[in-house]
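In what follows, every chain begins at residue 1, and chains take the letters A, B, ... in the order their sequences are listed. Below, all heavy atoms of this structure are taken into account, side chains as well, without hydrogens, waters or symmetry copies.
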Number of protein chains: 2
Amino acid sequence: MRRTPVGRQTRARGIPEATVARLPLYLRALTALSERSVPTVSSEELAAAAGVNSAKLRKDFSYLGSYGTRGVGYDVEYLVYQISRELGLTQDWPVVIVGIGNLGHALANYGGFASRGFRVAALLDADPSVVGSTAAGLPVRHMDELESIVDSQQVSIGVITTPPGAAQQVCDRLVEAGVTSILNFAPTVLTVPDGVDVRKVDLSIELQILAFHEQRKSGEEPEEGRPAEEPARERAPGPVRAAAAKLRRAAGAAKDAKELGENDRQAVLPA
Amino acid sequence: MRRTPVGRQTRARGIPEATVARLPLYLRALTALSERSVPTVSSEELAAAAGVNSAKLRKDFSYLGSYGTRGVGYDVEYLVYQISRELGLTQDWPVVIVGIGNLGHALANYGGFASRGFRVAALLDADPSVVGSTAAGLPVRHMDELESIVDSQQVSIGVITTPPGAAQQVCDRLVEAGVTSILNFAPTVLTVPDGVDVRKVDLSIELQILAFHEQRKSGEEPEEGRPAEEPARERAPGPVRAAAAKLRRAAGAAKDAKELGENDRQAVLPA
DNA sequence: TAGATTGTTAATCGATTAACAATC
DNA sequence: TAGATTGTTAATCGATTAACAATC
């Protein structure tokens with residue numbers, strides 16, 4: 001059992017990961033209040049705006065410190081600042097985006113980057129026919145420039161929007177160049193050394209989770225795959241034959257599965 | 001304390017939410033093995049491919065049933081089928097995408113849709129200058145057609161890729177039309193009636209979580225926001241003045257916060 | 001039979017929640 | 001002072017993990 005906190009499991013300064021993941025939600029809600037010049041907000045109101053319950057919000061805030069006032073609530077501007085600081089948004093974060101396809105374009109145009117201290121340091125692609133074009137007013141540069149860009153602009157965050165086949169290779173180069181945080185849009189399990197954080201955004205997975213619940217709503221629970229009682233299966237002498245037996249049992253099933261099974265090499269969002 | 005399982009908290013058929021979220025990962029790894037015609041796989045091998053540990057994988061599979069063979073491992077084709085069935089991927093899921101901007105385009109072109117039983121039933125947009133164009137070979141249709149499309153094609157899943165200002169309104173129309181699962185790319189907290197599932201994909205939040213950890217790696221922990229000891233604050237007679245005092249204390253902070261705070265109205269990925 | 005690997009148990013850990021004392 | 005609301009406690013719940021008996 002690992003006791004040394006590492007990577008995403010880290011509870012830096014005692015702030016639980018689940019709390020960290022909600023801080024951006026609170027920040028967004030607070031920013032909206034700030035723009036409406038609302039001076040203070042109660043945990044109840046803010047929780048409603050962020051879509052959580054107020055007990056959770058107060059618990060979350062308690063990890064940051066006592067920034068509220070009993071009987072009054074929280075000062076909006078003060079909390080905006082404290083959360084921004086806690087999240088590291090009071091500094092500039094240069095980001096490279098690798099793989100300028102449809103999704104890369106979409107991200108390059110994403111206005112939310114700049115507003116949160118994230119600055120697009122460069123757009124990179126390996127395809128010569130893409131290199132030299134512009135996206136969101138920035139030139140697409142060749143992958144060969146990756147190392148010099150990361151080095152000269154002190155880039156520590158990389159976004160991967162390549163096809164899945166290229167993702168690990170791109171990841172390796174990013175890490176080698178000095179990037180220590182990666183946001184991966186390719187449907188690939190990335191292997192990284194200790195000390196490098198990877199977060200994953202995967203449309204396919206989200207849709208599949210929705211489908212799981214949707215299936216149950218319509219009352220069409222999938223029928224049991226295994227028989228109610230153990231069938232009199234042929235005794236097989238060794239492991240290989242045991243597996244073969246199971247394969248036979250699954251024969252009809254496999255046919256169906258084939259229809260879905262192919263095609264996992266595609267990008268979540270092809271570049 | 002709520003005892004009736006509802007929405008995403010549901011543990012349908014006793015399968016924990018955390019397990020459901022990993023099933024697509026296993027399915028992806030299994031599909032890759034299937035394509036390489038690998039007949040069986042051990043929990044250890046499959047776990048490595050999926051990026052989890054083997055104890056977790058075996059525990060996850062135990063919720064589905066006993067699909068492995070002791071001493072042998074799991075039959076790849078059989079598991080592919082069982083997981084597909086469990087996730088509801090053995091049926092067709094028509095999906096509408098609302099908001100055909102950069103991101104909407106990217107999603108429309110996403111090959112992973114079809115391969116998992118998800119079929120783009122329609123692309124919709126409210127902007128007349130976008131309606132009529134094509135994306136991924138499909139015509140962009142006007143929002144006014146939403147209801148008839150959802151109804152005639154039995155659409156139960158909707159993807160929102162609109163600017164945040166339009167998201168709730170679009171969501172309401174989707175729900176009203178009969179959609180009961182929503183994948184939301186807009187940085188908006190959506191309110192939906194019971195029985196409707198919402199999942200959220202938010203680039204901004206992912207980047208902020210990375211920034212939080214990145215900040216700690218560089219050893220630049222943010223200095224404490226509140227003083228080490230309680231300052232001799234002016235006694236204020238009522239709540240309003242107490243809040244005002246806090247505001248004053250936060251004055252310097254607020255200036256900084258302003259630089260980050262604006263701009264939350266933008267789309268995660270503007271359409 | 002011997003080796004391999006599953007399926008399950010039980011311990012532990014982390015997250016959520018209601019409730020309420022503290023206090024503005 | 002009376003009302004409001006925070007910050008914290010403690011109970012509960014869900015998820016993770018190591019270990020190992022079961023069994024192929």
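- Rounded to whole Å, the distance from CG on B/Leu57 to P on C/dT6 is 8 Å.
- Remark: A/Asn184 pairs with no residue by the side chain to side chain donor-acceptor pair (under 3.5 Å) rule, at least two apart or across chains.
- Residues forming a side chain to side chain contact (heavy atoms under 4.5 Å, CB included) with B/Glu206 (at least two apart in sequence, or on another chain): A/Leu183, A/Arg199, A/Val201.
- In this view, A/Ala48 satisfies the side chain to side chain contact (heavy atoms under 4.5 Å, CB included) rule with no residue, not counting sequence neighbours.
- Between B/Ser43 and B/Leu57, the closest heavy-atom pair is CB-CD2, 3.6 Å.
- Among the atoms of the strands shown, only primed sugar atoms or phosphate atoms (P, OP1, OP2) are found under 4.0 Å from some heavy atom of A/Tyr74.
- A/Glu44 has its CD atom 13 Å from the P atom of C/dT17, to the nearest Å.
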Listed pairs, N/O of protein and of nucleotides 20-22 of chain C, under 3.5 Å:
{"residue": "C/dA22", "atom": "N3", "partner": "A/Arg70", "partner atom": "NE", "Å": "2.9"}

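- Rounded to whole angstrom, the span from the CZ atom of B/Phe61 across to the C1' atom of C/dG7 amounts to 13 Å.
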Intra- and interstrand pairs of DNA chain D - dot-bracket, Watson-Crick/G-U under 3.5 Å, | marks other strand: ..||||||||||||||||||||||
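- Closest to the side chain of A/Ser62, from the set C/dT6, D/dT6, D/dT8, is D/dT8.
- Across the protein-nucleic acid pair, B/Glu17 atom CD and D/dT16 atom C1' stand 16 Å apart, rounded to whole Å.
- How far CD of B/Glu86 is from CD1 of B/Ile15: 3.5 Å, rounded to the nearest 0.5 Å.
- Rounded to whole angstrom, the span from the CD atom of A/Glu45 across to the C1' atom of D/dA4 amounts to 12 Å.
- Between A/Arg216 and B/Asp197 no salt bridge is recorded (no basic side-chain N to carboxylate O distance below 4.0 Å).
- Using a 3.5 Å distance cut-off with no hydrogens or angles, the side chains of B/Thr31 and B/Glu35 do not pair a donor with an acceptor.
- In this structure, A/Asn53 atom CG and D/dC13 atom P are separated by 16 Å, rounded to whole Å.
- One interatomic measurement links the two molecules: CD1 of B/Ile15 to P of D/dG14, which rounds to 15 Å at whole-angstrom precision.
- Map B/Ser43 and A/Ala55 each onto its nearest nucleotide of DNA chain C; the residue landing nearer the 5' end is B/Ser43.
- Distance, A/Lys59 NZ to C/dA19 P: 16 Å, rounded to whole Å.
- Pairs passing the salt bridge (charged side-chain N to carboxylate O under 4.0 Å, His left out) check and including a residue from residues 37-57 of chain B, sequence neighbours excluded, do not occur.
- For the atom pair A/Asp60 CG and A/Tyr26 OH, the distance stands at 3.5 Å (nearest 0.5 Å).
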